[in-house]
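Notes follow once the structure below has been shown.
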Amino acid sequence: MTDTSSQAAVYDPAAVEDKWQRRWEEARTNSVDLQRAARPFYNLMMYPYPSAEGLHVGNVFAFVGSDIYGRYRRLCGYDVFEPIGFDAFGIHSENYALKVNTHPAELIPRNIARFRQQLRRVGLMVNWDHELSTTDPAYYKWTQWVFLQLYRSGMAVKKAAPVNWCPECKTVLANEQVIDGFCERHPETAVSQRFLEQWFFTITKYAQRLLDNLERIDWSDSTRMLQINWIGRSEGAELVFATPVAEPIRVFTTRPDTVFGATYVVLAPEHPLVETLTAAEQRGEVNAYRRTVAEMDIVARRIGSKDKTGVFTGAYARNPATGESVPIWIADYVLMEYGTGAIMAVPAHDERDFEFATAFDLPIVPVIEPDDSQELPYTGWDAKLVRSGQFDGTSCRAAVGAITQWLEGQSLGRGEVRYRLHDWCISRQRYWGPPIPIIYCDACGTVPVPEKDLPVLLPAVDDFRPDETGVSPLARVEEWYRVPCPQCGADARRETDVSDTFLDSGWYFLRYPSNDFDDRPFDAELTKKWLPVDTYIGGNEHAVLHLMYSRFLTMALHDLGHLDFEEPFTRFRAHGTIVKDGAKMSKSRGNVVIPDQHIAKWGADTFRMYLMFLGPYQEGGDFRDDGISGIRRFLDRVWAMVEEANGTGGSDEAWRKLHQTIRKVGTDIEGLRYNTAISAMMEYVNLLRGNMAGPAAKGLVEPLIVMLAPLAPHFAEECWERLAHDASVFEASWPDFDEALAREVEIEIVVQVNGKVRGRIQAAPGISEEDAVRVAAADPQVHKFLGNKEIRKTIYVKDRLVNLVV
RNA sequence: GCCCGGGUGGCGAAACGGCAGACGCAAGGGACUUAAAAUCCCUUGGGAAGUAAUUCCCGUGAGGGUUCGAAUCCCUCCCCGGGCACCA
């Protein structure tokens with residue numbers, strides 16, 4: 001690398017960037033004093049998983065977009081805290097370690113070192129003093145602490161449940177990690193169902209709050225929609241179907257208005273009542289069916305054939321509305337995990353029930369009749385009830401409330417809300433994670449590890465391979481899991497599962513400001529000052545994982561008195577994805593963009609700006625190699641302008657354009673419209689170049705450099721220095737926008753005749769409608785189209801347009 | 001099937017309901033150069049008329065509608081991307 005950059009006449013990005021990266025570190029330019037900061041602004045980007053492949057262009061896109069915003073806020077006078085860390089525990093890291101047969105404890109520090117170097121090279125305004133890694137015992141001590149808080153309050157529970165088991169990862173997965181029945185990490189491996197004892201966080205208790213708060217937090221709509229869908233709220237009723245045994249069948253339905261058409265009842269095969277209800281002569285068939293279903297894996301059950309199968313139990317239940325006896329069936333299209341695990345089947349008005357009734361020849365009784373007689377099943381709402389006793393003629397919508405109330409009066413039902421959201425399974429039968437801080441004692445039962453004994457260190461073991469047993473590799477480390485019970489001192493054993501990576505990332509933003517403290521997870525005062533996060537930018541792939549879990553944990557910690565806010569991210573924006581040649585980047589497609597290569601060739605600043613110039617930040621873009629030269633040309637021109645800049649002066653037009661540009665660039669960056677912010681600066685530079693023969697006035701160039709600083713920080717620093725400033729450009733402030741100076745002195749008004757453009761007139765801004773119309777009508781070109789017809793109507797849009805209707 | 005996005009020149013894309021295509025790439029022409037690269041200047045949605053300045057017509061996935069005026073709003077449909085999905 002050359003070291004003569006400050007004398008060179010041409011822009012040499014490598015030298016400039018190296019110089020400023022050193023300076024920033026020496027002068028601690030990017031560090032903010034968290035205690036003293038007067039205008040705190042917490043600018044967060046999603047910390048990366050430090051993969052062996054190094055920084056991906058998608059990471060760069062995400063981080064740069066966030067960094068630009070942080071740097072902009074800093075220039076606006078905020079004390080911006082922009083931390084970064086590493087999501088280094090978890091299955092991704094561990095699977096890779098297995099693949100290359102190297103211990104993750106050895107790999108991870110290596111990967112992190114490389115990431116750190118790459119992140120520096122990109123020129124992020126990262127406050128390195130607050131870097132964290134989830135694998136650091138000083139961090140995961142507090143991850144375990146979070147678990148204990150939830151455990152104490154009953155929000156962490158151990159229960160046996162059907163869970164997703166990935167035979168490749170050899171661990172259970174959260175529902176959010178199962179994609180179309182396949183493992184998120186192994187797209188070729190079907191997830192199967194196992195019935196295991198697992199630790200769950202009771203996120204479902206917060207379903208309504210997670211939903212309600214979405215209305216009042218400033219998040220990307222796309223992300224909010226994903227969460228709304230995932231929570232899956234359904235309103236309806238729980239209805240009671242009496243049975244010959246003591247316990248009735250409770251069903252959940254969103255269509256209580258159709259209850260008069262319920263001609264049979266279906267239980268999930270796993271439903272506890274099946275055992276007691278099944279008639280003796282049906283027992284053989286029922287048991288056989290239940291066995292088949294139990295052996296079926298989740299794929300076959302969920303996405304496999306939708307052909308309806310099922311078995312009659314031989315028992316009957318009483319329809320609460322009609323009082324009639326209806327047969328009770330079991331079928332795998334009814335899922336135990338949702339609702340009550342039982343449904344009333346209304347074949348005339350539900351597609352699945354219709355299919356099932358057709359297959360097994362069960363009665364189909366229509367109870368709603370649309371005006372134009374439609375085919376069955378009719379599942380719409382725009383119709384009235386028939387064959388429904390006193391409710392005949394009631395509209396469907398009205399009948400929902402009326403029938404629910406009527407049944408409620410007889411204790412046969414009540415209004416009910418259900419959610420699709422499941423409790424969050426956090427147990428992982430793996431090695432590379434924080435051990436769950438629980439001890440099992442024969443005498444005392446389940447005993448939480450006392451907080452003073454945290455962290456429960458992950459033991460260093462050579463053999464960290466998972467196996468088929470369904471227990472963690474830690475279960476093979478006897479000297480580790482055998483411990484005395486913290487309560488009675490008797491021989492006891494540790495929980496050998498580790499926790500999900502998403503528990504690590506569910507609270508990391510709380511730790512950043514406080515990671516100097518080893519005696520508390522987050523300092524009360526610092527947390528009050530810096531949180532919640534002001535702006536969080538990241539990908540929508542985490543909409544229902546990390547972003548949902550973080551909200552839940554924040555709410556839980558709030559309810560337990562640890563935080564005084566319940567939503568962690570005041571403003572969240574989802575960035576788009578970068579694709580290559582119209583397709584997602586992947587190693588198998590061979591279309592992976594390696595950022596380092598482009599940075600080496602063009603410089604980090606050019607690469608940063610080019611990524612932002614590809615398209616709207618929140619939509620992403622298609623990466624192409626051609627086009628990047630345009631950004632470099634632009635920077636070269638600015639560079640030349642800086643070299644020549646001197647004196648004062650400049651045309652009115654140039655000053656006007658400057659102020660218009662300040663306005664546009666500011667509002668564009670605020671709205672993350674980086675592509676148009678860059679265009680605006682290009683237009684300004686084009687105007688300066690075309691506008692004057694000699695060098696540009698310093699006063700016209702300096703604000704441009706400040707505006708460029710968030711996007712091209714090293715470049716801007718170097719230009720700023722060349723413009724004879726001693727301090728960093730980031731000590732400067734965002735240029736003031738002057739409305740008066742931005743105002744045009746003469747404007748062009750479009751003249752339309754019958755909505756078609758027929759001419760243009762020059763006028764002073766603020767011209768009256770009367771004058772504008774008079775001048776417009778007098779324009780010869782316009783006159784041609786008016787002929788001698790009478791003007792019937794005129795439309796005037798102030799300073800923009802006149803439309804003459806003839 | 002349901003819920004979000006999106007569809008505009010050769011390409012990436014702009015456009016508070018008001019001049020469609022800003023800005024950039026690529027392409028073509030020119031200047032500089034022995035030459036090339038770099039740089040600088042000009043042209044560039046399609047079609048037609050004119051020696052020309054210029055003018056006219058068509059054009060934002062398709063078809064309807066609202067409006068003085070629609071890429072933008074409404075309805076129907078097609079295609080692409082993402083999410084959910086036997087969820088009662």
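The model shown is predicted, which means the values in this text are computed figures rather than measured ones. In the text below, chain A, chain B and the rest are named by the order of the sequence lines, each starting its count at 1.
Each of A:E238, A:E337, A:E235 was compared with A:R418 under the salt bridge (charged side-chain N to carboxylate O under 4.0 Å, His left out) criterion, and only A:E238 meets it.
Between B:G12, B:C56, B:G24, one nucleotide has an atom nearer to the side chain of A:N686 than all others, and that is B:G24. Nearest to the side chain of A:K308, among B:C23, B:C19, B:C86, sits B:C86. Distance from the side chain of A:V757 is smallest for B:C19 among the nucleotides B:C19, B:C23, B:C3. For A:V797, taking side-chain heavy atoms from C-beta onward, the closest of the listed nucleotides B:C86, B:A22, B:C16 is B:C16. Out of B:C11, B:A88, B:G18, the shortest distance to the side chain of A:L801 is found at B:G18. Proximity note for A:P616 (side chain, C-beta onward) versus B:C86, B:A14, B:G12: the nearest is B:A14. When each of B:C19, B:G69, B:C40 is scored by its nearest atom to the side-chain atoms of A:N803, the top-ranked nucleotide is B:G69. Side-chain proximity of A:T254 to the nucleotides B:A88, B:C68, B:C84 is greatest for B:A88. Ranking B:G24, B:A22, B:C68 by closeness to the A:I795 side chain, first place goes to B:C68. Picking from B:A88, B:G24, B:A22 the nucleotide with the shortest atom distance to the side chain of A:I343 gives B:A88.
Taking side-chain N and O atoms only, A:N229 has no distance below 4.0 Å to OP1 or OP2 of B:G82. Contact check, A:R673 against B:A14: no side-chain N or O comes under 4.0 Å of OP1 or OP2. Phosphate proximity of B:G24 to A:S629: absent, as no side-chain N or O sits under 4.0 Å from OP1 or OP2. Under 4.0 angstrom from either OP1 or OP2 of B:A26 there lies at least one side-chain N or O belonging to A:R633. Side-chain nitrogen and oxygen atoms of A:N675 include at least one within less than 4.0 Å of the OP1 or OP2 phosphate oxygen of B:A14. Residue A:R637 places at least one side-chain N or O closer than 4.0 Å to OP1 or OP2 of B:C40. Neither OP1 nor OP2 of B:G12 sits under 4.0 Å from any side-chain N or O of A:K580. Under 4.0 angstrom from either OP1 or OP2 of B:G24 there lies no side-chain N or O belonging to A:R632. OP1 or OP2 of B:G69 has not a single side-chain nitrogen or oxygen of A:R758 nearer than 4.0 Å.
Nearer to the 5' terminus of RNA chain B, by closest-nucleotide assignment, is the contact made by A:D626 (compared with the other of A:N754 and A:D626). Take the nearest nucleotide of RNA chain B for A:I678 and for A:A342: the residue whose nucleotide is more 5' is A:I678.
Ring planes of A:H349 and A:Y378: perpendicular class, angle over 60° (limits at 30 and 60°). A:F572 and A:W219 have tilted rings, their planes meeting at an angle from 30° to 60° on a 0 to 90° scale. Ring geometry for A:F715 against A:Y11 counts as perpendicular: the plane angle is over 60°, on a 0 to 90° scale with 30° as the lower cut.
Within the 4.0 angstrom heavy-atom criterion, no nucleotide atom of any strand lies near A:F354. Among the protein residues, A:T340 comes within range of no part of the nucleic acid, since none of its heavy atoms lies under 4.0 Å from any strand. Heavy atoms of A:E748 sit under 4.0 angstrom from at least one base atom. A:E683 comes within 4.0 angstrom of sugar-phosphate atoms only, judged by non-hydrogen atoms across all strands, and of no base.
Atom CZ in A:R792 sits about 14 Å away from atom C1' in B:G69, given to the nearest Å. If you take CE of A:M612 and C1' of B:G24, they are 16 Å apart, rounded to a whole angstrom. Between the CG atom of A:L226 and the P atom of B:G82 there is a distance of 13 Å, rounded to whole Å. For A:Q227 and B:C84, the CD to P distance is 13 Å, given to the nearest whole Å. The nearest whole Å value for the distance from the CE atom in A:M681 to the P atom in B:C23 is 15 Å. Between the CZ atom of A:R420 and the P atom of B:G83 there is a distance of 16 Å, rounded to whole Å. Distance A:E643 CD to B:U39 C1': 16 Å, rounded to the nearest Å. Straight-line distance from the OH atom of A:Y419 to the P atom of B:C84: 20 Å, rounded to whole Å.
Remark: A:Y264 OH to A:I343 CD1 distance equals 6.5 Å, nearest 0.5 Å.
B:G63 takes the anti form, because its glycosidic angle lies more than 90° either side of 0.
Here the separation of B:G65 from B:U55, taken at their P atoms, is 32 Å to the nearest Å. Rounded to whole Å, the separation between the P atoms of B:U43 and B:A53 comes to 12 Å. Spacing of P atoms, B:C57 relative to B:C42, comes out at 29 Å, to the nearest Å. When the P atom is used for both B:G24 and B:C41, the distance is 11 Å, rounded to whole Å. Between B:G21 and B:A14, the two C1' atoms lie 7 Å apart (nearest whole Å). Taking atom P in both B:G28 and B:U76, one finds a spacing of 48 Å when rounded to whole Å. For the C1' atoms, the distance from B:A13 to B:C25 is 10 Å, rounded to whole Å.
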I'd like a list of close polar pairs between nucleotides 46-50 of chain B and the protein, N/O only, cut-off under 3.5 Å.
none

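Salt bridge annotation for A:K205-A:D423: absent, with no cationic side-chain nitrogen under 4.0 angstrom from a carboxylate oxygen. Classification of A:E416 and A:R414 as a salt-bridged pair holds, one side-chain N sitting under 4.0 Å from a carboxylate O. Look at A:R633 and A:D636 and you find no salt bridge, because none of the NZ, NE, NH1 or NH2 atoms lies under 4.0 Å from a carboxylate O.
The aromatic ring centroids of A:Y610 and A:W602 lie 6.0 Å or more from each other.
One cannot find a donor-acceptor pair under 3.5 Å joining the base of B:C19 and the side-chain atoms of A:R800. For a distance-only test at 3.5 Å, the side chain of A:Q752 qualifies as a donor-acceptor partner of the base of B:G18.
Pairing for B:C2 goes to B:G83, judged as Watson-Crick or G-U wobble with the two contacts each under 3.5 Å. For B:A48, the paired nucleotide is B:U55, the pair qualifying as Watson-Crick or G-U wobble because both relevant distances are below 3.5 Å. Here B:A15 sits opposite no nucleotide as a Watson-Crick or G-U wobble pair (both hydrogen-bonding atom distances under 3.5 Å). In this structure, B:A70 forms no base pair with any nucleotide, since neither Watson-Crick nor G-U wobble geometry is met with both distances under 3.5 Å. Pairing partner, B:C32: none, since no Watson-Crick or wobble contact has both distances short of 3.5 Å. Summarising the base pairing, B:A37 is matched to no nucleotide, lacking a Watson-Crick or G-U wobble pair whose two defining distances lie under 3.5 Å.
In summary, the side chains of A:E770 and A:Y796 do not present any donor paired with an acceptor at a separation below 3.5 Å, with no hydrogens or angles considered.
Heavy atoms of other residues, nucleotides or ligands lying less than 6.0 angstrom from CD of A:E215 number 12 at most.
Side-chain atoms of A:T606 never come within 3.5 Å of backbone atoms of A:R632 as a donor-acceptor pair (strictly under, hydrogens ignored).
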